[in-house]
There are 2 protein chains.
Amino acid sequence: MSLEHAILGFLQYGPSSGYDLKARFDLSVQHFWPADQSQIYRTLAKLAKDKLAWVEHCEQEDRPDRKVYHITEAGSEELRRWLTRPLAMKGGRSAPLVQVFFAGQLSDEELLAMFRRRADEVRAGLEQLRQVPERAEQVTWGIDDPREEWCWYLTLECGIRSTEAFLAWLEDVIARIERGEAPRQREEAVCER
Amino acid sequence: MSLEHAILGFLQYGPSSGYDLKARFDLSVQHFWPADQSQIYRTLAKLAKDKLAWVEHCEQEDRPDRKVYHITEAGSEELRRWLTRPLAMKGGRSAPLVQVFFAGQLSDEELLAMFRRRADEVRAGLEQLRQVPERAEQVTWGIDDPREEWCWYLTLECGIRSTEAFLAWLEDVIARIERGEAPRQREEAVCER
DNA sequence: GTCTGATATGTGACTTGTCCTATATAGGAC
DNA sequence: GTCCTATATAGGACAAGTCACATATCAGAC
């Protein structure tokens, strides 16, 4: 389970509550590992059960009480083990690409609409990615180790470069359709055999 | 559910058994939508239950009998509806990137080992992708519509270009580490607070 | 007073996907 | 004869993630 290890990673920076963690996920790893709030809490409970973290109950006066999780020795060891473990690079799923794959029966207009909408979304996503550093700086982060910060920027860079490549492909496809390079459908489009 | 629609997409090309479908997934959409064999069968059963497909039992002499699924009118409509539906571009998960994100506590040697291993894997994957057209040509495909074939090549192109961008990033990172550009860890690496 | 929003933690039901295993036929290798 | 591979279908258990909802406190707006 990667969420488990991502949480251990954050706890390694310092103790956190589930609420904190959710905020951190959304500000940093969200673009390659989105985390559901309720699942964070469940995973936190599991970590505590497995003795990879322990809970400190903090009573607060002005706000609801929080449960602050601390990583344990065993947790640090597990994290380190996982970090050095070779991971199968199994590619993620992309429903949008499935759409493209089967889009042959759509008209040029429908194809163009689809690709242009997609390109707009990707451009917006790219903008978001590029703003991550600024947005994150405003938050008290807990990462003050330059090496850890560097690693974080690496993943951002990766996201940006991959997204740029994806966008370039989209724009290329759009241009080709606009030039009329998409093959026509066969007459008897629905094949029976 | 995208698997449902991917299967409908294949059935739109022509009737198939679960076994056929598994082979087609592995030959074509596998790199952005891998499909588990047992889940294909389960989904097929669901499609039949929902009247989006119907089953033809084919007895064979030399081999085990097969259940051939045909798409229905309702199935075609559902497929078309899905193909033109705007899809949220939610990015996939990448455990390897999570590793990178939290890799700050590893040494340069460990980092290099990790990135080099990854680069090798990605290069191998790229090779695989580039060979897909040849491998697929040998198989009786069922796609003889040039437009559908074109859409298929588009997704392949997308995969190749994204992978190339990823590889370029990996090689870039490796070069930077080799030049000693990765920041050192702070002295008191393990932060207590 | 009531309503909204931020803070804070959870449960229950469900969907999707994965892994392992079971079953069965037939052909070819050894 | 037996073992392996290809063909063919499928169930059970589990892991992971999603969605909707429940609960509670406090601050400030209206």
Side-chain angles (χ1 to χ4, degrees), chain A residues 1-8 15-27 29-30 32-50 53 55-69 82 87-88 90-95 98 139-140, chain B residues 1-7 15-27 29-30 32-50 53 55-69 82 87-88 90-95 98 138-140:
Chain A
M1 221 214 298
S2 270
L3 179 62
E4 205 176 305
H5 294 101
I7 289 178
L8 283 178
S16 290
S17 68
Y19 194 84
D20 290 345
L21 284 169
K22 174 59 179 162
R24 295 192 169 195
F25 269 90
D26 288 349
L27 266 174
V29 294
Q30 182 238 124
F32 52 91
W33 204 279
D36 184 78
Q37 172 258 112
S38 66
Q39 213 196 333
I40 289 177
Y41 283 106
R42 270 192 260 256
T43 305
L44 240 16
K46 184 171 182 286
L47 287 177
K49 202 198 73 187
D50 295 347
V55 197
E56 178 193 8
H57 292 263
C58 292
E59 284 170 38
Q60 299 188 119
E61 280 153 31
D62 50 339
R63 289 170 192 187
D65 298 347
R66 35 205 328 261
K67 292 166 78 170
V68 174
Y69 288 80
W82 183 78
L87 235 52
K90 65 163 178 173
R93 291 161 202 282
S94 169
V98 176
V139 181
T140 23
Chain B
M1 219 213 302
S2 270
L3 179 62
E4 206 177 305
H5 294 101
I7 289 179
S16 289
S17 68
Y19 194 84
D20 290 345
L21 285 169
K22 174 59 177 160
R24 293 190 170 195
F25 269 90
D26 289 349
L27 267 173
V29 294
Q30 181 238 125
F32 53 89
W33 204 278
D36 184 76
Q37 171 259 113
S38 65
Q39 213 197 334
I40 289 177
Y41 283 106
R42 270 192 261 255
T43 306
L44 241 16
K46 185 172 181 284
L47 287 177
K49 202 198 75 187
D50 295 346
V55 197
E56 178 193 9
H57 293 263
C58 292
E59 284 170 38
Q60 299 186 117
E61 281 154 28
D62 52 338
R63 289 171 191 187
D65 297 348
R66 38 205 326 262
K67 292 165 78 171
V68 175
Y69 289 79
W82 183 78
L87 236 51
K90 65 164 178 174
R93 291 160 201 282
S94 169
V98 176
Q138 297 160 10
V139 181
T140 23

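Here is the naming used below: chain letters follow the sequence lines, and residue numbers restart at 1 for every chain. On a predicted model such as this, the values are computed, not experimentally measured, just so you know.
In this structure, A/R24 CZ and A/Q30 CD are separated by 16.0 Å, a value rounded to the nearest 0.5 Å. Annotation: the span from B/I7 atom CD1 to B/L44 atom CG amounts to 5.5 Å, rounded to 0.5 Å.
The side chain of B/R66 approaches D/dT9 more closely than any other nucleotide in the set C/dT7, D/dT7, D/dT9. Out of D/dT7, C/dG17, D/dG17, the shortest distance to the side chain of B/P64 is found at D/dT7.
Separating the NZ atom of B/K49 from the C1' atom of D/dA10 is a distance of 17 Å, rounded to the nearest angstrom. Between the P atom of C/dT25 and the CD atom of B/Q60 lies a distance of 14 Å, rounded to the nearest Å. Per the geometry, OH belonging to A/Y19 stands 13 Å off C1' belonging to D/dT25, to the nearest Å. A/K46 has its NZ atom 17 Å from the P atom of C/dG10, to the nearest Å. Here the C1' atom of nucleotide C/dC19 and the CD1 atom of B/I40 are 15 Å apart, to the nearest Å. Taking atom NZ on A/K22 and atom P on C/dA8, their separation rounds to 15 Å, with Å as the unit. One can place CG of A/D26 at 12 Å from P of C/dT7, the figure rounded to the nearest angstrom. Following rounding to the nearest Å, A/Q30 (CD) and D/dG17 (P) show an atom-to-atom distance of 15 Å.
With a 4.5 Å cut-off on side-chain heavy atoms, A/Q39 and A/L3 count as touching. In this structure the side chain of B/W33 reaches within 4.5 angstrom of the side chain of A/R93, judged on heavy atoms. A/F25 is listed as a side-chain neighbour of A/I40, based on a closest heavy-atom distance under 4.5 Å.
Of the side-chain N and O atoms in B/Y41, one or more sit less than 4.0 angstrom from OP1 or OP2 of D/dT9.
The residues A/K46 and A/D50 are annotated as salt-bridged, a charged nitrogen and a carboxylate oxygen being separated by less than 4.0 angstrom.
When Watson-Crick and G-U wobble pairs are counted only if both distances are under 3.5 Å, C/dC30 pairs with D/dG1.
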Show the distances under 3.5 angstrom between N or O atoms of the protein and N or O atoms of nucleotides 18-20 of chain D.
from: D/dT18; atom 1: OP1; to: B/R93; atom 2: NH2; distance (Å): 2.9
from: D/dT18; atom 1: OP2; to: B/R93; atom 2: NH2; distance (Å): 3.1
from: D/dT18; atom 1: O4; to: A/R42; atom 2: NH2; distance (Å): 3.3
from: D/dC19; atom 1: N4; to: A/S38; atom 2: OG; distance (Å): 2.9

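Counting only distance, with no hydrogens or angles, the side chain of A/K22 and the backbone of A/S17 share no donor-acceptor pair below 3.5 Å.
Looking at which nucleotide of DNA chain D each of A/R63 and B/Y69 is closest to, the 5′-most match is held by B/Y69.
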